[in-house]
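The next block holds one structure in the form of structure tokens; read it before the comments.
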Amino acid sequence: MTKDQSKDQSKEQAEERSTVAVLGPGGVGGLLAALVARAGHRVICLAGDETARALRTDGIRVRSGRFGDFTAAVEADTELREPVDACLITVKHTALDAALERVRPEVLGDGLLVPFLNGVEHPATLRARYGAARVAPAVIRVESTRTAPGVIEHGSPFAEIDLTGESVPRGRLDALAGVLAAAGLTGPTVRVLDDEAATLWAKMSFLAPFALLTTRYGVPLGEVRTRHREELTALVAETAAVSRACGAPADPAVALARYDAFPPDTKSSMQRDAEAGRPLELDAIGGALLRAADRNGVAVPVARGLVRELEEPEEPEELEGNRRH
């Protein structure tokens with residue numbers, strides 16, 4: 001390779017390098033930040049002082065059967081201070097309002113805002129604050145946990161991402177998909193989909209029954225699909241009916257088959273939050289499901305009962321079987 005060719009290659013690589021911010025480098029955000037950084041892109045993690053210091057000093061350490069064990073160097077700050085190509089929002093819905101103070105609209109520039117949030121109502125909130133053309137909702141199917149600041153355990157054999165955005169030019173979504181593909185999330189595991197409602201409800205239709213039942217009974221998915229099979233089947237049917245009423249096709253049989261394929265010890269993130277005494281995303285998942293059902297006149301007695309039980313303190317006689325250690 002000649003000297004000029006080497007210069008041209010370096011210039012091309014620099015032009016292809018993206019700058020990606022990650023708001024909330026926890027289980028999901030930390031995994032994505034580490035993978036994108038390992039692929040050679042610039043990553044800025046936005047978090048509190050303690051986490052930001054840890055990331056600047058030690059980077060992000062990932063243990064993953066799929067992606068391997070590695071450490072990725074990242075930048076870290078308590079707020080966004082410059083425009084970026086994309087900002088991935090990976091905080092819990094319960095922390096969203098406070099976290100968004102770290103990303104001021106005037107600083108973001110024309111960068112894409114990509115929320116990996118549970119539920120279906122957040123895109124409207126973000127568009128009101130940042131503008132419709134910058135919000136590209138995404139869903140991710142993965143089991144990944146932050147065990148300490150900057151330490152990520154990726155436990156699932158998969159990490160699947162769907163990108164969408166009814167008001168975002170397709171070329172920008174494709175470009176972000178390319179960044180994620182370069183990070184190792186290749187092939188069918190990263191998709192750009194046109195139908196935003198269908199994309200969000202596909203995740204919601206699977207997540208709501210899983211989260212509500214594992215959290216209500218304090219047991220992993222394997223016990224839900226055996227001991228509470230009838231309730232699971234009824235809740236899946238209700239959620240699918242609401243999804244269809246919102247214009248998003250949903251097949252209860254497909255959802256049940258997916259539950260049956262998961263490892264029996266799988267826990268939902270809501271259940272993990274309950275076990276750790278953290279706030280639950282109950283309103284973003286269960287509340288949003290009930291509001292959509294009410295808007296469309298769909299009866300959801302099982303879902304309504306579960307949300308009510310999770311909102312109310314348990315009676316003493318119910319505690320023995322559900323005590324969390």
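Glu196 contributes a side-chain N or O that, together with a main-chain N or O of Glu166, makes up a donor-acceptor pair within less than 3.5 Å. For Asp283 (side chain) and Ala288 (main-chain N/O), no donor-acceptor pair under 3.5 Å exists by modelled atom type. Within the 3.5 Å criterion, the main-chain N or O of Ala253 finds a donor-acceptor partner in the side chain of Asp251. A donor-acceptor distance shorter than 3.5 angstrom exists from the side chain of Thr239 to the backbone of Leu235, with no hydrogens or angles considered. Without hydrogens or angle criteria, Ser18 side chain to Val20 main chain gives no donor-acceptor distance under 3.5 Å. Under a 3.5 Å cut-off, the side chain of Arg102 and the backbone N or O of Leu80 do not form any donor-acceptor pair. In terms of modelled atom types and a separation under 3.5 Å, the side chain of Ser167 and the main chain of Ala132 share a donor-acceptor contact. The main-chain N or O of Ala124 is never found under 3.5 Å from a side-chain atom of His122 such that the two would form a donor-acceptor pair.
Contact annotation: the side chain of Leu212 never approaches that of Val302 to less than 4.5 Å [non-hydrogen atoms, C-beta and beyond]. Between Arg146 and Thr51 the shortest side-chain heavy-atom distance falls below 4.5 Å. Looking only at side-chain heavy atoms (C-beta outward), Leu289 and Ile285 stay at 4.5 Å or farther from each other. Within the 4.5 Å cutoff, the side chain of Glu143 has heavy atoms near those of the Arg272 side chain.
Contact record, Leu46 with Ala21: CD1-CB, 4.3 Å, taken as the closest heavy-atom pair. Taking every heavy atom of both residues into account, Ala33 and Cys45 meet most closely at CB-SG, 3.8 Å. When all heavy atoms of Ser269 and Asn118 are compared, the closest pair comes out as OG-ND2, 4.1 Å.
Salt bridge absent: Glu160 and Lys203 never bring a charged side-chain N and a carboxylate O closer than 4.0 Å. Ion pairing of Arg170 with Asp194 is present here, as a side-chain N (NZ or NE/NH1/NH2) and a carboxylate O approach within less than 4.0 Å. A salt bridge between Glu101 and Arg129 is present, with a side-chain N of the basic residue lying under 4.0 Å from a carboxylate O of the acidic one. Salt bridge annotation for Arg304-Glu238: absent, with no cationic side-chain nitrogen under 4.0 angstrom from a carboxylate oxygen. Using a 4.0 Å cut-off between charged side-chain N and carboxylate O, Arg191 and Asp162 make a salt bridge. Taking the charged nitrogens against the carboxylate oxygens, Asp85 and Arg172 have no contact shorter than 4.0 Å, which rules out a salt bridge.
Partner of Phe116 under the side-chain contact (heavy atoms from CB on, under 4.5 Å) criterion, chosen from Leu88, Val22, Leu23: Leu88.
For the atom pair CG (Leu163) and CG (Leu193), the distance works out to 8.0 Å, reported to the nearest 0.5 Å.
For the ring pair (Phe, Tyr, Trp, His ring centres under 6.0 Å) condition, the pairs that include at least one residue of residues 247-271, sequence neighbours left out, are Phe158-Phe262, Phe206-Tyr259, Phe206-Phe262.
Taken together through direct or relayed side-chain contacts under 4.5 Å among Ile, Leu, Val, Met, Phe, Trp and Tyr, Val242 and Leu232 form part of one hydrophobic cluster. Cluster annotation: Ile152 and Phe67 are assigned to the same hydrophobic cluster (Ile/Leu/Val/Met/Phe/Trp/Tyr, side-chain heavy-atom contacts under 4.5 Å, transitive). Follow the hydrophobic side-chain contacts under 4.5 Å out from Val62 and you reach Leu35 in the same cluster. Under a hydrophobic clustering in which Ile, Leu, Val, Met, Phe, Trp and Tyr are joined whenever their side-chain heavy atoms come within less than 4.5 Å, directly or via other members, Val114 and Val135 fall into different clusters.
For the pair Arg38 and Phe70, the distance from NZ or CZ to the six-membered ring centre is under 6.0 Å and the angle to the ring normal is within 45 degrees.
By the salt bridge (charged side-chain N to carboxylate O under 4.0 Å, His left out) test, Glu82 is found to be paired with Arg42, residues two or more places apart in sequence or in another chain being considered.
Arg291 CZ: more than 12 foreign heavy atoms inside a 6.0 Å radius.
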